[in-house]
There are 2 protein chains.
Amino acid sequence: MANGRVTVIDIAKAAGVSKSTVSLVLQGSPLVNEGTRTKVNAVMRDLGYVYNRGAANLRQSSAKSKIIGVVVNDLTNSFFAELAVGIDLVVQDAGFVQFLANTSESLDRQTEVIASMREHGISGLVVSPARGSRAIDFKALVSAGMPVVAVVRPVPGAKVSSLMSDNHTGMFAAVEHLAKLGHTRIAFFGGFEDTAIFQERLAGYRDGIAAAGLGYDEGLVFACAPSRAEGAKAVARAMAADDRPTGGVCFNDAVAFGVYDGLRARRLEPGVDFAIVGFDDVIEAGTSVPALTTIAVDPQGMGRRAAQLLLKQINAGKAEAEAVVTPVRLVVRESCGVNRMKPGRRSA
Amino acid sequence: MANGRVTVIDIAKAAGVSKSTVSLVLQGSPLVNEGTRTKVNAVMRDLGYVYNRGAANLRQSSAKSKIIGVVVNDLTNSFFAELAVGIDLVVQDAGFVQFLANTSESLDRQTEVIASMREHGISGLVVSPARGSRAIDFKALVSAGMPVVAVVRPVPGAKVSSLMSDNHTGMFAAVEHLAKLGHTRIAFFGGFEDTAIFQERLAGYRDGIAAAGLGYDEGLVFACAPSRAEGAKAVARAMAADDRPTGGVCFNDAVAFGVYDGLRARRLEPGVDFAIVGFDDVIEAGTSVPALTTIAVDPQGMGRRAAQLLLKQINAGKAEAEAVVTPVRLVVRESCGVNRMKPGRRSA
DNA sequence: CTTGCAATTTGGATCGATCCAAATTATCCG
DNA sequence: CGGATAATTTGGATCGATCCAAATTGCAAG
């Protein structure tokens with residue numbers, strides 16, 4: 001109490017026991033007598049004691065720091081914000097707190113924050129890697145035995161666990177949906193070609209095209225930054241061509257909304273003159289006009305699962321890398337032609 | 001090195017100096033000889049040394065923990081995600097890391113995470129308080145001398161610093177804009193009536209109405225949850241009335257987009273049949289159709305300023321509560337009637 | 001009223017870095 | 001070269017909790 005900070009020793013003195021006993025109470029040990037426990041707890045409350053985890057961690061393995069790191073490539077993207085919220089939910093319930101850092105796709109930033117988190121003694125890390133991340137960026141962590149879960153994007157070659165959405169199946173289903181509606185010229189909009197996700201989704205698109213008995217046409221693939229503004233430009237390019245598509249699948253919902261914009265700029269009405277399927281199912285997908293048919297990924301659910309996977313590894317003590325693929329599902333709304341539903345019923 | 005963890009003592013041994021010297025190197029002290037410093041640094045690199053801040057903090061004041069806490073009421077709202085990003089930017093540059101927790105407006109969660117952060121030794125806290133937060137919720141922190149900055153929402157009676165946007169002036173400007181365009185029946189949509197922000201914005205609306213020489217009509221105020229879905233319902237109520245408004249200001253952009261939806265449901269075109277002004281200037285405001293005229297708040301900028309304010313107080317050592325109001329500005333786009341601009345030029 | 005055994009409690013030693021006073025080494029100058 | 005001064009370096013002591021072996025207490029049986 002001397003300098004304002006209350007320690008176990010102050011509690012011990014005030015409660016008439018030893019600091020060891022106070023420590024046992026703090027840990028909820030069954031060894032301590034019920035009466036003693038009650039008194040110690042009362043004294044702690046009276047003196048306004050604040051547990052000092054830093055001091056405790058000094059004697060314990062870092063697995064007990066009750067801190068996990070979360071590194072995200074773009075928190076301004078609501079997909080990743082949802083992901084972070086999902087993680088937060090689970091870790092809070094487990095009594096952990098999270099260091100959350102945003103890298104804005106900067107590898108340097110990513111390296112810095114991971115180093116900083118290590119210094120602070122995180123028990124594990126969930127990371128949505130910045131573009132261009134390499135296995136070596138996580139080498140130090142892995143060889144120190146720290147559990148690491150990569151989400152959304154894979155890190156080729158790294159011995160870390162991963163949690164990815166089923167990009168191939170999702171895009172396959174999107175194409176299948178358009179093909180069933182009778183579309184024969186289906187475009188693919190958006191995404192950076194040098195990313196693994198793009199390749200997975202493109203492969204799903206190709207396989208979907210093939211499964212529908214249509215011919216794959218490279219000229220119908222319009223890659224671009226996965227943003228709304230670029231999506232609008234991409235569809236403009238598509239519609240300027242000779243043999244126009246009549247519908248398209250998009251790398252993500254942001255691109256899909258950009259396609260809306262681009263169509264309207266040409267006086268075409270999305271969902272009427274052109275069929276669109278998104279990917280992600282962000283919140284706005286359900287409220288936009290027309291409501292967007294899309295592949296639902298449930299980022300918050302992914303966040304929860306990633307956190308659970310990480311906590312499992314932390315508790316197990318050993319970081320056995322495992323790869324999990326989370327299912328996605330097609331949510332049919334109105335952007336491929338209005339399909340009226342009873343109000344109040346959600347689309348499956 | 002015994003159990004895998006490298007400590008200052010291992011470094012000292014390997015470099016042939018004392019642990020004190022290693023410590024001085026770690027702190028970048030000018031007392032240590034340049035040659036020694038180089039050698040020690042080299043050894044640290046070779047052995048893969050990881051600084052243990054927990055141990056260091058034990059001997060230092062909590063102001064040097066290099067951790068700040070960030071508590072946000074709703075991270076799924078992109079406004080707050082941007083805010084968090086702004087904070088992150090500044091604290092990362094200052095060599096801090098942030099604990100980021102989402103409360104989902106739950107006071108219990110808020111209390112829990114703040115307690116947890118305290119145990120982990122944060123140097124200060126930026127909080128966007130959950131609805132219904134009271135001064136007592138921050139009492140313990142404040143009396144422990146911890147710097148606290150409340151952002152976006154005030155905490156009545158709490159002796160904490162605050163950083164608020166200029167809600168009154170913003171809404172005043174919004175009303176003024178509509179009045180200048182000739183609107184005489186201007187509605188107010190959205191927001192919870194029991195919040196301080198709602199009251200501030202409503203006051204700005206009233207004063208704007210008065211300044212324009214129009215009469216205040218309580219029947220034109222349509223409070224509701226500040227969400228897109230509720231905004232749509234609110235405008236439906238407004239248009240069902242006898243003496244309809246011809247334009248409206250919205251509690252935030254989400255409500256404004258809801259108003260778009262509600263108008264379209266009645267076959268009215270926003271920006272043509274009805275003028276709308278939002279509040280916040282979220283990213284979608286610039287890309288929606290029609291582009292939304294709104295009051296720009298710049299949440300990322302607020303985050304940066306909040307972080308700077310907090311860091312200033314942490315470095316000063318004493319938490320002198322101060323209140324900062326950040327300016328807002330009207331961004332005119334197309335939702336109050338199209339005003340064409342040269343393409344490529346951004347609206348001011 | 002012992003003895004034996006289980007239930008509680010306790011005093012160092014310890015984790016990894018910092019701090020401080022004191023020791024050591026280097027440098028300078030008459 | 002000696003003594004003073006400046007530049008470096010260093011050995012405990014310390015932060016606040018945990019761990020462990022050892023001590024103490026409680027209680028029932030003999």
Side-chain angles (χ1 to χ4, degrees), chain A residues 1-41 43-44 47-67 118-121 123 144, chain B residues 1-41 43-44 47-67 118-121 123 144:
Chain A
M1 281 190 81
N3 52 8
R5 192 160 186 79
V6 182
T7 77
V8 275
I9 297 189
D10 300 316
I11 304 295
K13 231 172 282 178
V17 296
S18 77
K19 61 180 168 48
S20 301
T21 302
V22 177
S23 176
L24 290 175
V25 171
L26 284 172
Q27 299 166 75
S29 161
L31 267 56
V32 45
N33 179 283
E34 208 44 58
T36 321
R37 180 195 309 284
T38 312
K39 167 183 271 169
V40 169
N41 280 323
V43 172
M44 292 201 295
L47 299 191
Y49 172 71
V50 177
Y51 185 67
N52 184 334
R53 271 177 203 281
N57 290 166
L58 208 46
R59 283 284 293 174
Q60 297 175 317
S61 89
S62 92
K64 303 190 72 176
S65 72
K66 295 289 185 179
I67 303 176
R118 257 194 105 187
E119 293 186 351
H120 279 101
S123 305
Chain B
M1 278 193 85
N3 52 9
R5 189 161 189 80
V6 182
T7 77
V8 275
I9 296 187
D10 301 315
I11 304 296
K13 232 172 281 178
V17 295
S18 77
K19 61 182 169 46
S20 301
T21 301
V22 176
S23 175
L24 290 174
V25 171
L26 283 173
Q27 299 165 73
S29 163
L31 266 56
V32 43
N33 180 282
E34 208 45 56
T36 322
R37 181 196 309 284
T38 312
K39 167 185 270 168
V40 170
N41 279 324
V43 173
M44 292 200 296
L47 299 191
Y49 172 71
V50 176
Y51 185 66
N52 183 334
R53 269 174 205 283
N57 291 166
L58 208 45
R59 279 289 284 174
Q60 297 174 318
S61 89
S62 91
K64 304 190 72 175
S65 72
K66 296 288 185 182
I67 304 174
R118 258 194 104 185
E119 293 185 353
H120 279 100
S123 306

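Values below: every heavy atom of this structure, side chains too, minus hydrogens, waters and symmetry copies. The chains referred to below are lettered A, B, ... by the order of the sequence lines, with proteins before strands, and numbering in each begins at 1.
- Without hydrogens or angle criteria, B:Ser123 side chain to B:Ser62 main chain gives a donor-acceptor distance under 3.5 Å.
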Using distance only, find each side-chain donor-acceptor pair of residues 54-61 of chain A under 3.5 Å and give its atom names and separation, not counting sequence neighbours.
unit_1, atom_1, unit_2, atom_2, d
A:Asn57, ND2, A:Arg53, O, 3.4
A:Ser61, OG, A:Ala63, N, 3.2

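- Across B:Val43 and B:Ala15, no two heavy atoms sit closer than the pair CG2-CB, 3.8 Å.
- One atom, CG of B:Asn52, and another, P of D:dC15, lie 18 Å apart when rounded to the nearest Å.
- OP1 or OP2 of D:dT18 lies within a sub-4.0 Å distance of a side-chain N or O belonging to A:Ser23.
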Quiz item: Tell me, for nucleotides 7-12 of chain C in 5' to 3' order, what letter each nucleotide earns: B for a base near a protein heavy atom under 4.0 Å, S for only sugar-phosphate near one, - for neither?
Solution: -SBBBB
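- Residues B:Tyr49 and B:Ile11 share a closest heavy-atom pair of CB-CD1, 3.9 Å.
- As a whole-Å value, the separation of B:Arg59 CZ from C:dT18 P is 10 Å.
- Nearest heavy-atom pair across B:Ser18 and B:Ala12 is C-CB, 3.6 Å.
- Distance, B:Leu58 CG to D:dT18 C1': 12 Å, rounded to whole Å.
- Here the P atom of nucleotide C:dC19 and the CG atom of B:Asn57 are 11 Å apart, to the nearest Å.
- A straight line from NZ of A:Lys64 to P of C:dC15 spans 17 Å, rounded to a whole angstrom.
- When the C1' atom of D:dG16 is taken as reference, atom OH of A:Tyr49 falls 7 Å away, rounded to whole Å.
- For the pair B:Asn41/B:Val25, a side-chain contact is recorded, criterion being any heavy-atom separation below 4.5 Å from C-beta on.
- Residue B:Ile11 contributes atom CD1, which lies 12 Å from atom P of C:dT18 at whole-angstrom precision.
- The shortest distance between the side-chain N/O atoms of A:Gln27 and the OP1/OP2 oxygens of D:dC19 is below 4.0 Å.
- Across D:dT18, C:dA17, C:dC19, the shortest atom-to-atom separation from the side chain of A:Tyr51 is found for D:dT18.
- Counting only heavy atoms from C-beta outward, the side chains of A:His120 and B:His120 never approach each other to under 4.5 Å.
- Remark: P of D:dG16 and NZ of A:Lys13 are 11 Å apart, rounded to the nearest angstrom.
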